[in-house]
Structures are given as C-alpha cells and as structure tokens.
Engineer: 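What follows is a structure written as structure tokens; I'll ask about it next.
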Number of protein chains: 4
Amino acid sequence: MKKYSDKESRILDTAAEMFATQPFHKVLLSDVARVASVGKGTLYLYFKSKDDLYFAVLFRGFSILVERLKKYTEVEGSSPSDQLRCIVRDMILHMINKASNAQLLGKVMHYPNSGEWQEKRVELWSLLQSVIEAGIESGEFEDSCPRLTAQYIPSVIRSICLFPPENIDTETICNHACAFVLKSLKKNAPSA
Amino acid sequence: MKKYSDKESRILDTAAEMFATQPFHKVLLSDVARVASVGKGTLYLYFKSKDDLYFAVLFRGFSILVERLKKYTEVEGSSPSDQLRCIVRDMILHMINKASNAQLLGKVMHYPNSGEWQEKRVELWSLLQSVIEAGIESGEFEDSCPRLTAQYIPSVIRSICLFPPENIDTETICNHACAFVLKSLKKNAPSA
Amino acid sequence: MKKYSDKESRILDTAAEMFATQPFHKVLLSDVARVASVGKGTLYLYFKSKDDLYFAVLFRGFSILVERLKKYTEVEGSSPSDQLRCIVRDMILHMINKASNAQLLGKVMHYPNSGEWQEKRVELWSLLQSVIEAGIESGEFEDSCPRLTAQYIPSVIRSICLFPPENIDTETICNHACAFVLKSLKKNAPSA
Amino acid sequence: MKKYSDKESRILDTAAEMFATQPFHKVLLSDVARVASVGKGTLYLYFKSKDDLYFAVLFRGFSILVERLKKYTEVEGSSPSDQLRCIVRDMILHMINKASNAQLLGKVMHYPNSGEWQEKRVELWSLLQSVIEAGIESGEFEDSCPRLTAQYIPSVIRSICLFPPENIDTETICNHACAFVLKSLKKNAPSA
DNA sequence: AATGAATGAGTGTTCATTCAT
DNA sequence: AATGAATGAACACTCATTCAT
C-alpha cells in the first residue's frame, strides 16, 4: 500500500468528497485547496494535474476497498458463501449513503491514463472471481462464467448505494442482495 | 412521447454521441453544432444551456429505452421469464459497444433538475418490477423484494455493456446474464 | 418635419423609452420588436442597424423639441425675456421625470454618423442664441458670448430633469432656473 | 481616499481612457488588459465584472475631482467668489478635451449599485452648495435655492467640456463661464 | 410589406496551471 | 516545501443581422 503524507491525505480526502458530490468540471481546484487548507500551488507538488488528482482519488479509494475485502477471503475456515456474504455486506455498509465511494465503482474513464486505473477494477473483479471459483471447486457453487458474475456483484452494490430505496432498511437490503447473488450461484441439488 | 423537430433530433443525436464518448467538460458546443450541421446559436433555440442539452439527451435516451422495453411486456402469451429474457437481451444487444446508451443507465445527477430525470429511471425500474410481480403471481418466481431486484437488473446490464469482456462473445454474455437473473428469481420446486 | 409611418412611430416610441431607461448595450432589438409588437425583421425595414435606430430616436426627439420651442420665438409682442422664460419652463415641464427626453440633451456619440445628429443639437443652440441676441439688440440683455450662454441653458435644464431635487416642487424649480438664466443676461442699469 | 495597488491603477487608467473614448460595448476587456499590460484574468482579480470596472473608473474619477476641488474651499482668506472662480476654472481646464473626465460628470446610472455612486455626485453638489451658502452668509451672494445652483454649475461645465466651441479659446470660455455663474449669484446693490 | 428561425462572429468570464517569492 | 497572484487559452453564451417564406 502506497503511503500518503499528511498534506497529501488531506488533499485526497477533500477531493474525494468533492468529486463525489459534483461532476468533475464543477470541482474547482481552488476550492479543493481552500477546503484542504493548502495553497493552490501545493496541489501541484503532489499531483501533476486535475486529472491526475482525480485518478489518485479513485485509485486510493479502490485500493483501500480491495485491501479491506481481501481480509474476508483470508479468514480461516470461512466458506466461499460466507466470504461472499461478508464482502457484499461490507461494501453496502461502507458505501450506502456515501456517494463518494459508490461513484468510483462505476466511473468510466474517458481519459488517457485510464489503463492504470482499469487495473484496479480488474483487481476487484479478480478477488470476487477467485471466491466464486473456490466455491465451485468446493461444490458449493456452479457458474458457467465466474468472470462475468464477479463483474455483476460490484455493479449491483453500486446501484444499491447510489439509489438506496428510501423505505427499506439497510439490513433488509443487505440480506436481499446477498440472497440474490448466492441463489444464483448455489449449486442445485442434482436431480437425483 | 415528446416529439422532436428535425433539427432538435439532429442536435440530440450528435450530443448523445459526444457526451457518451467524452466527459462533459470536453464536449464543446461548437463541435456539437458543427457535427449536427446547425449554427451554434441554434442550439440555444432548443436548449437553455449545455446542462439542459445534457439532460435532454439522457431523458430522451431513457424514454426511448423504456418505450421499447414496454413492448415485450405486452406480447400475448409470453411468460414473465420470457419477457425478462427478452428485456435483458434487448438491452444488452442495444447497448453493448454503445457506451452512449449504457452510460445513461447509471448517470447520477448532481444537478438541480435531476428530479424530472429521476422519474425516468424509476419508470424503468417499475417496468421490471411489474414483470417480476407477474411472475410471482403466476408462481413462476419468488422474490422477497421485487423492487430491489428490478434495480439490480439494469445495473448488471450496464456493467456488461460498459466493460464487455473481450474474449466472450455477445451471445454467451446474454445467456449468462439471463441465467443469472432468472435463477435468482426462479421458484424452487417445493421440497416434496 | 419628417413623417413617420405608424409602425415606424411605434418602433421609435418603444426604442426611445428603452434607450432612455437602459444603456445602449442592454437594449435588445428583440425586446424592442416585442414591445413594439412588430417582427424583429421589421425593424430592418425602417432602420439600417441598431445604431441607426438609436440615432433616429435622438434625431426625432431633438426635432420635436426644437419645433415646439420655435413657436415661442414667433409669438407676437413677446420680449426676449418672456421667450426665454417660456422656453425654459416648457423644457423643464416636458422633460422632468421623463428621463428619455432629458437624456438626449447630453448624449455624446462616438459613432460615425453622429455628425448628422449633432446638427440638431446646434439647431437648438442657435434658436436660443438668436433669442439672446434679440435681447441684446433690444437693450434688455448683455452677453459677451451668446453662443456659450445658449449652450449652458439646455445643460442646466438637463441636469434638473435628470436629478430633480425631491423636496422642491416643480414650479419653484422652474422659477429658480428662469431667474438664474435671466439674471445672468439682464443688462445692469448703467451706473449713472 | 481608497488606495489602489499598482496594477489596479494601471487598469483603471487604461479603462478610464477607453470608456471615455468609446461606448461601453465597444470597449473590449481584452484590449483593456493588453493596453494595461496585464493578463485578461488579472482584471477579474480586481473587478468582479466589466460593469464593476466601469463603476470603479467613474467612482475614482469623481473622488479625485471632489478631493481636488475641496482644496480651493480651504484656502485662507479667499472669498466665496474667488473659490467659485477657482473651482469653475479648475474643472474646465482639467476636463476640456478630456472627454473621459467630462463624461463622468453626467453619467446617469442605469445600474443596480448606482446608489453608492449617487452619493459621490451629491458630494460634489454639497461642496458647491456650501461655498454658495458661505457667500450668502457674507453678503456677497443671494440665492433662493443654493442647492439648485450648485447642481447647475457642474452641468454647465460638463456641456462646455463635451462640446467645446471650436473658435473660442479656453481662457475666454473660462472667463465667460465664471462671469455667467457669478453674475447670477452676485447680490445686487440695494437700490438706494 | 412582414416575419422570426437560423446564424456565427464576437466577447465576457472561468479556471487549470505556473512561478517568483 | 509552500504559496497565491498572475496568467491566457479555452469556452459558453449572446444578439445584431439575414433571408426564406
């Protein structure tokens, strides 16, 4: 994990908040600097450009997320279903009502250096894919294309977190989302 | 369905293409005008501002989509599963490699008039929800919260269309997506 | 006197009002057309350009004024003092609280065709100058440069009408202005 | 007196020159910036908008004028007539052939913040009014409404400076204007 | 004659980026 | 390292003018 200096972190935190709240072009670097309590020029000591800052925000967010989710796959004795459940629940709880984080799950880059950033997304998919494949291995799951399913999961969670239905409590949503995913993966008892 | 004049349509088509390809602030109105073969001032005869044009693009896109999908729910003798399959397939085929259309499924608006536009998204969810509910009614499906499932479906499709796995052919993807959704909804045979 | 068609008059009236109320660049021809109830293109049937319309407004205003004032100089048996009094009173009463008319007395044009319009101002000055000279001739007035005094008079009136002191009634103002001008012109009794 | 920074002064000087020479809408901010040797963006560090710059120009001009004229009223042992003569002469000499300064004497504001600007005009009138009142006090002058006379004086001077008669030399004009004003104010010897 | 939809040159304003301090 | 005044390229938007009807 990359280490961020104090100032750098403050900038990233501020920028994350603002990029999540407003579209890119409405986020002014002068505002970022002011809110982060640094000089406007200071931004350029840490980030090459506005685009660069934007990517750094997304990148850091993604890295933190993936890092956190990885833990669940390393818990001794947890089944793939348990792991998936934990992952889905964790993502929803961390991102619901936190547009800043939910947004980044679905950002599509129209930008040159999006390659580097694309890698991070793939990292998340790979994590999920390996859990699914472990489940298949263990006979718990069946899935003709774990790669695709792995891709569906974050997108479902993103949608939930961006547009959380107002009259359903978070716990119910978590359960429903877990059930939705797991039921799709569950291996049907072989018709005897 | 709102009717668009000839020039208005040309502008919307052009703008849709450009907003889908580049981030908002890289889309120049002068380019839109040039490509649409109208004067720059003409844009302002039909749209109050760049933002307004942007919303009009999203709004029209959504309207067209919903209108098209509605047809599948009106086919005589088609089961809810069939309808869902058709809808999923239709959306994927229409949007894959057409970022312009896929993007709009997930746009979150940070703008004042986003209310009006939210309605359109809800219209899509409602359409799907009623298909699911019909399936529950007929005993085909079971779902503790069709509202949520209805929301998942477009998000899954959006993800597919924005990041289509390169080494999987479209047909396979369609089938996988349909299967994923339907398996989750299918009522399990009551354990005898 | 030039004759104006019905539509032309409506346009001039509207434009006069608007040019008096707002600076040139805030007056939109589309507004003029709308308020005058004519098509925007119609303006161009009568006036070559916005500048042209502007000059026409000033020109007509000046012409009307000069025409009206001329009458006072033609009254049989009226002394130059009487004539001046009438002129000053007439101008004040016609222009006080009518910025549109007062404004034009002091408009300076930076435009090419301002010459033609300047002539009209000179016409006003000449009118006044000849009254003053008549007074000198008759021994009533003395003035080392009637040309200058003639120029002062409209400027005094303009100031009154643009910035009418709120707590002084119009009659008092008229009397004061007349007295101010006449006292300056009056021939002092030759020190015997 | 407000203090202006170096750059601010350069901008104001340039803008004053240009606004005096051309109508508002023909003055381009890019020209102002170029002539003042600053970046176009720099204008906006000091002035909120083109309108704002315009007002700043007029305001500063008026402030300087009033400040300068005040001096004459503070000269030890000078009579009100002397003071008035000095004021009239000073204004004419400073403004004749300097449209920039003459213009501002008569600007009527069609703008929102004209209140603040109205104050400045009143400041000039008050200055003149108090000189006149001092003359009345000392028995030199008589005037039934010094407030009005104070208003006439700048307007007369403005007219002179905007439309200076070409074939009369400045000295003659000054003398005539002084005489015109003073004769009107002079207390007539009581008819013995 | 009369219109107003269409135009595009022209301009005010913004804002990412730089650099002297 | 840190700053923020200064910059100017870039862009949205306006509005006088035209012309097909």
Engineer: Would you kindly check if the NZ (Lys) or CZ (Arg) of R121(C) is within the cone defined by 45 degrees around the ring axis of F163(D) and under 6.0 Å from the six-membered ring centre?
Structural biologist: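 Flagged: R121(C) positioned over aromatic ring of F163(D).
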Engineer: Measure NZ/K50(B) against P/dT14(E) and give the value in whole Å, please.
Structural biologist: 15 Å
Engineer: Centroid separation under 6.0 Å, is that true for the rings of F24(B) and F24(A)?
Structural biologist: no
Engineer: Return the pairing partner of dT14(F) with a 3.5 Å limit on both distances, Watson-Crick or G-U wobble; otherwise return none.
Structural biologist: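 Matched dT14(F) with dA9(E) under the 3.5 Å cut-off.
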Engineer: In the strands shown, is dA5(F) matched to any nucleotide by a Watson-Crick or G-U wobble pair with both distances under 3.5 Å, and which?
Structural biologist: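 dA5(F) is paired, partner dT18(E).
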Engineer: What is the distance, to the nearest angstrom, from the CG atom on D51(D) to the P atom on dT11(E)?
Structural biologist: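 Going from CG in D51(D) over to P in dT11(E) covers 16 Å.
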Engineer: By nearest heavy atom, map G39(D) and G41(A) onto DNA chain F; which one lands nearer the 5' end?
Structural biologist: G41(A)
Engineer: Rounded to the nearest angstrom, tell me the gap between atom CG in L43(A) and atom P in dA16(E).
Structural biologist: 10 Å
Engineer: Which residue lies toward the 5' end of DNA chain F, T42(D) or S49(B), if each is placed at its nearest nucleotide?
Structural biologist: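 First, find each residue's nearest nucleotide; the 5'-ward one identifies T42(D).
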Engineer: How close or far is atom P of dT11(E) from atom NZ of K26(D), stated in whole angstroms?
Structural biologist: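 After rounding, the reported distance stands at 9 Å.
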Engineer: Applying a 4.0 Å non-hydrogen cut-off, can you work out what L28(B) is touching in the nucleic acid: base, sugar-phosphate, or nothing?
Structural biologist: sugar-phosphate
Engineer: Does F59(D) reach the side chain of L12(D), with side-chain heavy atoms less than 4.5 Å apart?
Structural biologist: no
Engineer: Using the closest heavy atom to pick a nucleotide of DNA chain E for each, name whichever of K7(B) or K48(D) lands nearer the 5' end.
Structural biologist: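 Result: K7(B).
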Engineer: Regarding Y46(C), tell me which of base, sugar-phosphate or nothing describes its non-hydrogen contacts under 4.0 Å with the strands shown.
Structural biologist: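 It contacts sugar-phosphate atoms only.
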Engineer: Report which part of the nucleic acid V27(C) touches: base, sugar-phosphate, or nothing (heavy-atom distance under 4.0 Å, all strands).
Structural biologist: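 The residue V27(C) makes sugar-phosphate contact but no base contact.
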Engineer: Report the residue from T14(A), L58(A), V32(A), V57(A) that forms a side-chain contact (heavy atoms from CB on, under 4.5 Å) with F19(A).
Structural biologist: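 Among the candidates, only V57(A) passes.
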Engineer: Which distance, rounded to the nearest 0.5 Å, do you find between the NZ of K40(D) and the CG of L28(D)?
Structural biologist: 9.0 Å
Engineer: Output the rounded distance in Å from NZ (K40(B)) to C1' (dT7(E)).
Structural biologist: 11 Å
Engineer: Using a heavy-atom cut-off of 4.0 Å to chain D, what are the terminal contacting nucleotides of DNA chain F, in 5' to 3' order?
Structural biologist: dA5(F) to dA10(F)
Engineer: Can T42(D) and K7(D) be counted as having a side-chain donor-acceptor contact under 3.5 angstrom?
Structural biologist: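 Looking only at side-chain atoms, K7(D) and T42(D) do not form any donor-acceptor pair under 3.5 Å.
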Engineer: Answer yes or no: is there an ion pair linking K26(C) with D51(D), defined by an N-O contact shorter than 4.0 Å?
Structural biologist: yes
Engineer: Using a 4.0 Å heavy-atom cut-off across all strands, classify L29(C) as base, sugar-phosphate, or nothing.
Structural biologist: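 If one applies the 4.0 Å heavy-atom cut-off, L29(C) turns out to touch the sugar-phosphate alone, with no base involved.
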